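Okay, structure first, notes after.
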Amino acid sequence: VQLQASGGGLVQPGGSLRLSCAASGSIFSINAMGWYRQAPGKQRELVAAITSGGSTNYADSVKGRFTISRDNAKNTVYLQMNSLKPEDTAVYYCNADVGVVAGIALYEYDYWGQGTLVTVSS
């Protein structure tokens with residue numbers, strides 16, 4: 001299973017970006033999907049998460065500005081980021097809780113994408 005993230009880049013304060021992350025491989029099911037970020041010198045933190053049923057959870061710092069969504073048919077999660085601030089600058093990582101069938105058993109594994117850099121600067 002691989003997660004391929006895209007959509008990062010340089011944007012001015014107040015601007016918008018949309019991140020995408022597509023999961024591929026021998027996937028039976030995907031439960032929660034999410035976005036994390038890690039700024040220089042800081043720990044990785046949860047930005048937003050979404051369950052397979054569409055329930056969402058956001059970090060307080062992004063509520064009202066970021067929107068997470070997913071397309072289950074495409075095994076893809078999105079992060080729409082609006083009103084970006086310099087403090088949003090970080091490497092953004094996607095994460096997925098994936099069910100994989102092996103024989104007659106279903107196993108759940110946690111997968112990470114490679115990270116995409118978001119820089120908010122004038």
Side-chain angles (χ1 to χ4, degrees):
V1 175
Q2 291 186 329
L3 269 60
Q4 182 68 45
S6 61
L10 173 63
V11 63
Q12 292 186 341
S16 298
L17 280 176
R18 189 190 194 210
L19 306 183
S20 300
C21 177
S24 61
S26 299
I27 297 170
F28 178 80
S29 60
I30 302 180
N31 299 315
M33 303 183 82
W35 290 95
Y36 290 71
R37 67 186 180 187
Q38 187 166 18
K42 294 187 176 182
Q43 289 189 331
R44 190 174 297 189
E45 63 175 356
L46 174 67
V47 176
I50 184 168
T51 68
S52 57
S55 296
T56 58
N57 181 41
Y58 295 93
D60 288 342
S61 60
V62 307
K63 284 181 180 177
R65 300 188 298 122
F66 291 10
T67 301
I68 189 169
S69 60
R70 64 190 283 174
D71 184 332
N72 291 329
K74 296 181 179 179
N75 290 335
T76 300
V77 62
Y78 306 96
L79 186 67
Q80 178 66 44
M81 304 185 294
N82 299 328
S83 303
L84 282 161
K85 304 175 180 179
E87 51 264 43
D88 295 318
T89 295
V91 177
Y92 284 69
Y93 298 90
C94 59
N95 173 269
D97 181 18
V98 179
V100 176
V101 172
I104 61 170
L106 176 66
Y107 298 93
E108 292 190 356
Y109 297 100
D110 199 44
Y111 290 93
W112 291 89
Q114 83 283 10
T116 185
L117 178 61
V118 172
T119 303
V120 184
S121 175
S122 55

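One is the number of the first residue; the rest follow in order along the sequence. Both backbone and side-chain heavy atoms feed into the values below; hydrogens, waters and symmetry mates do not. Nothing here was measured: the structure is a model prediction, and the numbers come from that model.
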So do Leu3 and Met33 actually touch side chain to side chain, heavy atoms under 4.5 Å?
no

Please lay out, stage by stage, how Tyr111 and Ile27 fare under the test side chain to side chain contact (heavy atoms under 4.5 Å, CB included).
CA-CA 11 Å; Tyr111 290 93; Ile27 297 170; over 6 Å; no

When hydrophobic residues are tied together by side-chain contacts of less than 4.5 Å, even through go-betweens, does Tyr36 share a cluster with Ile50?
no

Begin with the C-alpha distance, continue with both residues' side-chain angles, and end with the deciding distance and a verdict on side chain to side chain contact (heavy atoms under 4.5 Å, CB included) for Val1 and Tyr109.
CA-CA 10 Å; Val1 175; Tyr109 297 100; over 6 Å; no

With sequence neighbours excluded, residues passing side chain to side chain contact (heavy atoms under 4.5 Å, CB included) with Val120:
Val11, Pro13, Leu84, Pro86, Asp88, Thr89, Val118

Got a donor-acceptor contact below 3.5 angstrom from the Gln114 side chain to the Gln4 backbone?
no

Do Leu46 and Leu19 sit in the same hydrophobic cluster, where Ile, Leu, Val, Met, Phe, Trp and Tyr count as joined when their side-chain heavy atoms come under 4.5 Å apart?
no

Side chain to side chain donor-acceptor pair (under 3.5 Å): which pairs involve residues 24-35, sequence neighbours left out?
Asn31-Glu108

Following the transitive rule for hydrophobic clusters with a side-chain heavy-atom cut-off under 4.5 Å over Ile, Leu, Val, Met, Phe, Trp and Tyr, establish whether Leu17 and Tyr93 coincide in one cluster.
no

N/O donor-acceptor pairs under 3.5 Å from side chains in residues 73-81, not counting sequence neighbours:
from	atom 1	to	atom 2	distance (Å)
Thr76	OG1	Lys74	O	2.9
Gln80	NE2	Asn82	OD1	2.9

Taking atom OG of Ser6 and atom OH of Tyr92, what is their separation to the nearest 0.5 Å?
15.0 Å

Please say whether more than 12 non-hydrogen atoms of neighbouring residues, nucleotides or ligands are located less than 6.0 Å from CD in Gln2.
no

In chain order, what residues pass the side chain to side chain contact (heavy atoms under 4.5 Å, CB included) check against Val101, with sequence neighbours excluded?
Phe28, Leu106

With sequence neighbours excluded, residues passing side chain to side chain contact (heavy atoms under 4.5 Å, CB included) with Asp110
Asn95, Trp112

So side chain to side chain donor-acceptor pair (under 3.5 Å) across residues 40-59, not counting sequence neighbours, yields Arg37-Glu45

